[in-house]
Number of protein chains: 2
Amino acid sequence: MRENVSEMPEYCTVEAAMEVVGGKWKMAILNYLTGGPQRFGELKRALPSITQRMLTRQLRELEADGIVLRTVYAQVPPKVEYSLTTIGKSLEDILQRLEEWGAWYREQRRP
Amino acid sequence: MRENVSEMPEYCTVEAAMEVVGGKWKMAILNYLTGGPQRFGELKRALPSITQRMLTRQLRELEADGIVLRTVYAQVPPKVEYSLTTIGKSLEDILQRLEEWGAWYREQRRP
DNA sequence: CAGTATCCGTTCGGATACTG
DNA sequence: CAGTATCCGAACGGATACTG
């Protein structure tokens, strides 16, 4: 046990991480962005069950947290691309493992 | 593109994973369980900001999903231990990386 | 000790309609 | 195309009291 709370061994570091990437759709969104920049509509099609509103909100939060970069092209019709920032790219390893784990877990539960 | 949706490349595998471990506290709980079996009260102290009710609920969900094992000892006063199942242990690698990432992310955001 | 039960306010998330 | 606006129910979260 340490005296200083801020120095506690692993004091809710996982908690802190989940505040950033713990949103219901965030990991899935980020996973698709590992394939390179994606437009809003592409993400919408990739995640059929997310609503437009939720996609917008989760993307805005990820942007505010420095994970995702939003690039607006001055065109008509509008074109907006979302991509991973350097910080976002540092999650790629975790995302891949999560994806593998998810596939494996499904098999385990369906014997 | 494949014809069969159920065979789609990575169709929401990450989504499926997050349905299981995406709860607000689940990753943090699991992270503490990597240190070995923990009693209810130990987990409560480890996660000071979770309420008793929420801890109970998240543990029950993890148990139902086969991630956590709940062992009740027939004693007075009661003793209940929570531990990772084999499936739960398969998350240890991800949990460690998530913890490392969380610590690193904090530094990045506080320059 | 390890919960359950109840109440209640806040936040999250979904459905639908509309717009520059 | 890439969003907003509005409404609403579900889930989250806190406080408090009670129990085997």
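What's counted below: heavy atoms across the whole structure, side chains too, no hydrogens, waters or symmetry copies. The sequence lines fix the lettering, A, B, ..., with proteins before strands; numbering per chain opens at 1.
- Rounded to the nearest 0.5 Å, atoms CG (A:Asn31) and CG (A:Leu84) are 9.5 Å apart.
- Atom pair B:Met18:CE and C:dG13:P shows a separation of 11 Å (rounding to whole Å applied).
- In this structure, the separation between CH2 on B:Trp25 and OG1 on B:Thr51 is 7.5 Å, given to the nearest 0.5 Å.
- A donor-acceptor pair shorter than 3.5 Å can be found between the side chains of B:Glu100 and B:Gln96.
- Between A:Arg39 and D:dG3, a side-chain N or O to OP1/OP2 separation shorter than 4.0 Å is absent.
- Atom CG of A:Leu62 is separated from atom CD of A:Gln58 by 7.0 Å, given to the nearest 0.5 angstrom.
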For this session: Evaluate the side chain to side chain contact (heavy atoms under 4.5 Å, CB included) criterion for residues B:Glu15 and A:Ser49: first the C-alpha distance (whole Å), next the side-chain angles of each, then the deciding distance (0.1 Å), finally the verdict.
Result: CA-CA 10 Å; B:Glu15 247 179 274; A:Ser49 48; 3.6 Å; yes
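- Between the CD atom of B:Glu42 and the P atom of C:dG3 there is a distance of 12 Å, given to the nearest Å.
- Atom CD of A:Glu19 is separated from atom C1' of C:dC12 by 15 Å (rounded to the nearest Å).
- For the pair B:Leu43 CG and C:dC1 P, the computed distance is 14 Å after rounding to whole Å.
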Close N/O contacts between protein and nucleotides 13-20 of chain D (under 3.5 Å):
from   : atom 1 : to      : atom 2 : distance (Å)
D:dG13 : OP1    : B:Lys24 : NZ     : 2.5
D:dG13 : OP2    : B:Trp25 : NE1    : 3.2
D:dG13 : N7     : B:Arg53 : NH2    : 2.5
D:dG13 : O6     : B:Arg53 : NH2    : 3.1

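- Taking five base pairs at each end of the helix from C:dC1-D:dG20 to C:dG20-D:dC1 and finding the rotation axis that steps the C1' atoms of four pairs onto the next four gives two axes whose angle is 60°, to the nearest 10°.
- One distance of note links OG1 of B:Thr85 with CG of B:Leu33; it measures 10.0 Å at 0.5 Å rounding.
- Taking side-chain N and O atoms only, B:Tyr82 has no distance below 4.0 Å to OP1 or OP2 of C:dC1.
- With hydrogens and angles ignored, the 3.5 Å screen pairs a side-chain donor or acceptor of A:Lys44 with a backbone N or O of A:Ile50.
- Aromatic ring pairs are classed by plane angle as parallel below 30°, tilted from 30° to 60° and perpendicular above 60°; the pair B:Trp101 and B:Tyr105 is parallel.
- For A:Arg60, a side-chain nitrogen or oxygen approaches OP1 or OP2 of D:dG3 to under 4.0 Å.
- Distance CD/A:Glu61 to CD/A:Glu19: 11.0 Å, rounded to 0.5 Å.
- Rounded to an integer number of Å, the gap from CZ of B:Phe40 to C1' of C:dA2 is 6 Å.
- Regarding B:Glu81, its CD atom lies at a distance of 9 Å from the P atom of C:dA2, rounded to whole Å.
- Atom pair A:Glu63:CD and D:dG3:C1' shows a separation of 13 Å (rounding to whole Å applied).
- If you check every strand for non-hydrogen atoms under 4.0 Å, A:Tyr73 touches nothing.
- As rounded to whole Å, 11 Å separates atom C1' of D:dC12 from atom CD of B:Glu61.
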